[in-house]
Every structure is written in C-alpha cells, then in structure tokens.
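The structure displayed is predicted, hence computed values, not measured ones.
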Amino acid sequence: MGIKSLTQTIKKFTPDSIENENLYKLSGKKVAVDASLVIYQQLLKCPKNALFKTSNGKITNHITGLFYKIMNYISLNIEMIFVFDGKPPDNKQACIAKRKEKSNKAKEECDTETNIDKKNIKEKESIRITKEIIDDTKKLLNLMGI
C-alpha cells in the first residue's frame with residue numbers, strides 16, 4: 001500500500017532524485033515493480049470504462065493488461081521482478097477499513113445506477129484486489145516464466 005503524495009514530497013525536497021526515462025534505456029536491466037500497483041493499473045485501464053469479463057462475470061482486465069505490459073518489457077529486453085505485498089501492519093487496518101467501505105458504497109451505487117457510463121465508473125471504483133486476482137496474476141507470471 002502506497003504512501004500518499006510520496007512522489008510530490010520527494011520532488012519537493014530532492015528534485016534531482018527522480019528521473020523520467022524512456023523504457024528502451026532500461027534494456028538489459030532488471031526492474032522491480034509493485035505487483036499491486038501494476039494490477040490496479042491494468043484493472044482500471046479499460047476502453048470506455050467497461051471492464052472485460054468472462055461469460056460468468058469474472059473480471060479479466062488484469063490478465064490481458066499484464067500480459068501485454070510484460071510482452072512490451074520483454075521485447076525491450078527488460079526483466080521484470082514482481083514484488084507482492086505481505087500482510088499489512090496493524091496500524092494500516094483503519095485505512096484498509098476506510099477503503100473497503102468506499103468500495104462497498106461504490107458497489108451499492110453501481111447496483112442501482114441505470115446510466116451505463118455512470119454504472120461502469122462506479123463498478124471501477126468498487127474494484128478491490130482479491131486473492132483470486134493475485135492467484136491469477138501469479139499463475140500468469142509462472143506460465144510466462146517470470
């Protein structure tokens with residue numbers, strides 16, 4: 001789980017410590033990525049705010065998004081190392097509860113919304129990374145030899 005406004009704080013106090021580079025400049029290197037962050041990015045990146053789902057309603061954005069992201073890195077000869085979160089510390093429980101409450105509220109609003117665009121937005125706001133999503137990701141990474 002991230003630290004709110006970390007990048008802005010770093011830029012404020014040590015502006016030269018963050019550099020933006022093109023991916024091709026990382027060719028031949030290993031890059032560690034925050035698995036949760038990348039999974040959320042892929043879950044929320046969808047055309048026209050609609051989630052990709054199987055016929056039984058299982059969300060698959062993370063699988064297809066991660067596959068193409070990984071293939072892009074592989075094509076540039078960049079080795080990705082995925083770092084998964086462990087058990088959150090006890091002092092994070094209040095924040096987790098607040099996020100869960102926000103997600104549940106968005107889910108309720110999604111269920112009652114009639115406008116399809118607003119419904120899609122609320123559905124995205126209600127997404128939480130589940131054990132199933134983590135397991136899907138680990139299986140994909142294993143199958144890809146990552």
Q: Any chance CZ of F84 has more than 12 other-residue heavy atoms, nucleotides or ligands included, within less than 6.0 Å?
A: yes

Q: So do V31 and L26 actually touch side chain to side chain, heavy atoms under 4.5 Å?
A: yes

Q: With rounding to the nearest 0.5 angstrom, report the OG1 to CG distance, T137 to N142.
A: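 Going from OG1 on T137 over to CG on N142, the span is 12.5 Å.
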
Q: For N20, is the CG atom crowded, meaning more than 12 foreign heavy atoms sit under 6.0 Å from it?
A: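 Counting other residues, nucleotides and ligands, CG of N20 stays at 12 neighbours or fewer.
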
Q: Between S27 and Y24 (side chain of the first, backbone of the second, donor and acceptor by atom type, cut-off under 3.5 Å), is there such a pair?
A: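 The answer is no, because no donor-acceptor pair under 3.5 Å joins these two groups.
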
Q: Could you tell me whether E101 atom CD has more than 12 heavy atoms of other residues or ligands within 6.0 Å of it?
A: no

Q: Quick one: do V83 and L141 end up in the same hydrophobic cluster if we chain Ile, Leu, Val, Met, Phe, Trp and Tyr together by side-chain heavy atoms under 4.5 Å apart?
A: no

Q: Quick one: does any side-chain atom of T14 pair with a main-chain N or O of S17 as donor and acceptor, under 3.5 Å?
A: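 Side chain of T14 to backbone of S17, a donor-acceptor pair under 3.5 Å: no, none is there.
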
Q: Would L140 and I146 satisfy side-chain contact (heavy atoms from CB on, under 4.5 Å), going step by step from the backbone distance to the final call?
A: CA-CA 9 Å; L140 173 67; I146 308 243; over 6 Å; no

Q: When E132 is tested against each of I129, D135, D136 for side-chain contact (heavy atoms from CB on, under 4.5 Å), which residue passes?
A: D136

Q: Taking atom OG of S75 and atom CD1 of I70, what is their separation to the nearest 0.5 Å?
A: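 Interatomic distance, S75 OG to I70 CD1, rounded to 0.5 Å: 12.0 Å.
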
Q: Do L66 and F82 come within less than 4.5 Å of each other through their side chains, counting heavy atoms only?
A: yes

Q: Looking at side-chain heavy atoms only, is the closest gap between L6 and I10 below 4.5 Å?
A: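 In contact.
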
Q: Could you give me the CA-CA distance, side-chain angles and deciding distance for I74 and I78, then say whether side-chain contact (heavy atoms from CB on, under 4.5 Å) is met?
A: CA-CA 5 Å; I74 288 172; I78 301 170; over 6 Å; no

Q: Are I133 and L37 linked, directly or through other ILVMFWY residues, by side chains that come within less than 4.5 angstrom of each other?
A: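 Each belongs to a different hydrophobic cluster.
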
Q: Rounded to the nearest 0.5 Å, how far does CE of M144 lie from CE of M80?
A: 9.5 Å

Q: Should Q42 and K69 count as side-chain neighbours, where that means a heavy-atom distance under 4.5 Å?
A: yes

Q: Is there a donor-acceptor pair under 3.5 Å between the side chain of N22 and the backbone N or O of K25?
A: no

Q: Of all the heavy-atom pairs spanning S36 and D34, show the shortest one and how long it is.
A: N-OD1, 3.0 Å

